[in-house]
Amino acid sequence: MNPLIQQFRAAGQGHVFAFHDRLSPEAQRHLLSEAAEVNLAELATLTRTLLQGQGAVGVNLEGLVPAPYEPRPENGGDPVAWAEAKAAGEAALRAGRVAAFTVAGGQGTRLGYDGPKGTFPVTPVKRKSLFQVFAEKLRAAGHRYGRPLHWFIMTSHQNHAATVAFFEEHRYFGLDHGRVHFFRQGRMPAVDFEGRILLETPGSLALAPDGHGGSLRALERSGALDLMKSHHIDTLSYFQVDNPLVRCVDPAFLGWHLLTGSQMSSKMVPKAYADEKLGHFCHQHGRLVVVEYSDLPRALQHETGSDGQLRFRAGSIALHVLDREFIRQMAGGGGTGGLGALPFHRADKKVPTVDAAGAPVKPAQANGVKFELFVFDALPFARNPLVIETRRADDFSPVKNAEGVDSPRTCRDDQLRQFARWLKAHGAPLETDATGLPPFPLEVAPSYGYDEDSFAASWTERPAAAVTAGLYLS
Ligand code: UTP
């Protein structure tokens with residue numbers, strides 16, 4: 001018998017091959033290659049700890065206090081230190097030390113869009129996709145600092161081919177395709193509540209992406225870290241695929257990170273309201289941690305200080321800067337319990353599977369568990385981890401849901417507010433409502449302005465003749 005099948009039997013996972021003998025030789029090979037991806041020892045540990053509740057389960061709240069952060073100048077931060085940070089970040093960009101990194105391997109189930117999320121159209125006038133927005137921002141930043149940027153994009157097994165095809169079709173949006181690097185993230189098997197691996201079909205396992213935290217080991221495994229090293233890139237600017245407002249490479253953020261000798265830095269925004277669904281930056285026994293909104297007790301989320309502000313107000317918006325060798329260190333510790341290993345989290349999901357006869361089952365309720373790694377779990381392992389404040393309007397408006405909060409609609413409006421704010425700051429005649437929203441759609445291409453500074457430079461040279469509906473500045 002195939003030794004892999006024997007190992008699965010010994011691990012109590014022999015059912016994975018229940019239909020093996022019925023499969024064609026090609027299908028058998030496919031099933032075996034998927035099985036070979038599974039780390040049975042890791043899975044056994046996860047079953048023990050996360051499913052059977054032995055070992056450390058749940059979030060330990062002992063000694064949790066709000067984490068300090070570097071406030072923006074208008075909120076009491078030191079303007080000189082911010083200016084120094086910006087200058088240091090600009091110098092790093094000019095020296096070619098920085099690469100951009102987008103995690104785009106998620107399944108985007110909440111949005112319910114058919115296709116990789118990065119291909120979703122978001123801009124108000126031109127309906128540019130998320131990938132196009134980032135590509136144009138990176139291209140413009142490359143011009144500005146005289147060093148074209150390398151861009152790493154993490155995909156999943158499900159969306160890799162479609163993502164690469166999209167870039168090919170659009171000729172990499174004007175980027176040098178030799179500087180755009182795609183790699184797939186790892187997968188984890190979904191299991192039932194007893195820890196038995198679920199089959200998606202008689203000939204394939206139910207495999208799911210291993211979470212955005214899987215990016216650290218995927219960066220190592222794919223050779224991305226070695227590639228960075230060979231190009232003398234030591235700093236990675238990390239952002240998510242769903243947030244077109246993001247400053248893909250923000251000089252002040254990069255500079256703060258470099259000047260403080262931080263191995264992993266993060267941006268925070270003050271939570272808009274106590275129940276806002278953002279993770280919280282906290283300190284625990286001297287280490288920086290992010291506690292998810294679902295894990296921080298409601299009473300703590302609502303607690304206010306003597307200034308009337310929320311005590312646990314530092315919300316995480318999934319923007320990080322990471323040191324290359326720190327990523328390598330974390331990736332090396334991956335797997336089961338090695339030094340620096342990120343913990344897996346459990347998510348109960350509806351996992352399409354098959355019944356005992358091999359017929360498809362579409363569950364109406366959660367029937368299984370997926371295991372995911374979170375990138376912010378690397379923070380407690382980082383030296384000098386730093387959190388800086390950013391303005392939400394400059395960095396954060398994700399597309400998560402089809403409707404309501406964090407939807408295409410709210411994201412479009414936030415882009416419009418940003419464009420309107422830049423225009424009004426330069427005296428353009430534009431009426432906006434009390435929230436800063438203009439009365440008609442308009443759009444600023446990243447080639448014209450992708451942040452306040454670049455917009456100001458273009459406006460000084462070639463201001464718009466008129467600001468009317470459908471204005472497109474490029
Ligand atoms: P989300 O937590 O929003 O998950 O991912 P999602 O899978 O995109 O969407 P839902 O929950 O199914 O609706 C945040 C970011 O992390 C990336 C996503 O692509 C997104 O940029 N991500 C998430 C990965 O790259 N891999 C993963 O396994 C999970």
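All ligand and atom numbering here is 1-based and tracks the order in the structure. What you are looking at is a predicted structure, and each value in this text was computed from that prediction instead of being measured.
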Please determine if [X] has a nitrogen or oxygen closer than 3.5 Å to a nitrogen or oxygen of ligand 1.
X: Gly106; result: yes
X: Glu372; result: no
X: Gly211; result: yes

N/O donor to acceptor pairs below 3.5 angstrom from side-chain atoms of residues 235-245, sequence neighbours left out:
residue	atom	partner	partner atom	Å
Ser237	OG	Cys248	O	2.6
Asp242	OD2	Lys400	NZ	2.7
Asn243	OD1	Ser397	N	2.9
Asn243	ND2	Asp395	O	2.8

Please write down residue, atom name and distance for the protein heavy atom closest to [atom].
atom: atom 6 (P) of ligand 1; value: Gly108 N, 3.6 Å
atom: atom 25 (O) of ligand 1; value: Gly105 N, 2.8 Å
atom: atom 2 (O) of ligand 1; value: Arg110 NH2, 3.9 Å
atom: atom 21 (O) of ligand 1; value: Val103 O, 2.7 Å
atom: atom 5 (O) of ligand 1; value: Lys400 NZ, 4.2 Å
atom: atom 16 (O) of ligand 1; value: His212 CD2, 3.6 Å
atom: atom 7 (O) of ligand 1; value: Gln107 N, 2.8 Å
atom: atom 12 (O) of ligand 1; value: Thr109 OG1, 2.4 Å

Taking only heavy atoms of [X] into account, list the atoms of ligand 1 that are under 4.0 Å away from them.
X: Pro209; answer: 28 (O)
X: Met154; answer: 25 (O)
X: Val241; answer: 19 (O), 21 (O)

Does the ring center of [X] lie less than 6.0 Å from the ring center of [Y]?
X: His257; Y: Phe253; value: no
X: Phe131; Y: Phe173; value: no
X: Tyr293; Y: His280; value: no

Take a 6.0 Å sphere around CD of Glu169 and say whether it holds more than 12 heavy atoms from other residues, nucleotides or ligands. yes
Of all the heavy-atom pairs spanning [X] and [Y], show the shortest one and how long it is.
X: Phe281; Y: Ser316; result: CE1-CA, 3.5 Å
X: Phe312; Y: Leu300; result: CD1-O, 3.6 Å
X: Asn367; Y: Thr353; result: ND2-CG2, 3.7 Å

Side-chain donor-acceptor contact under 3.5 Å, Trp151 with Thr102: yes
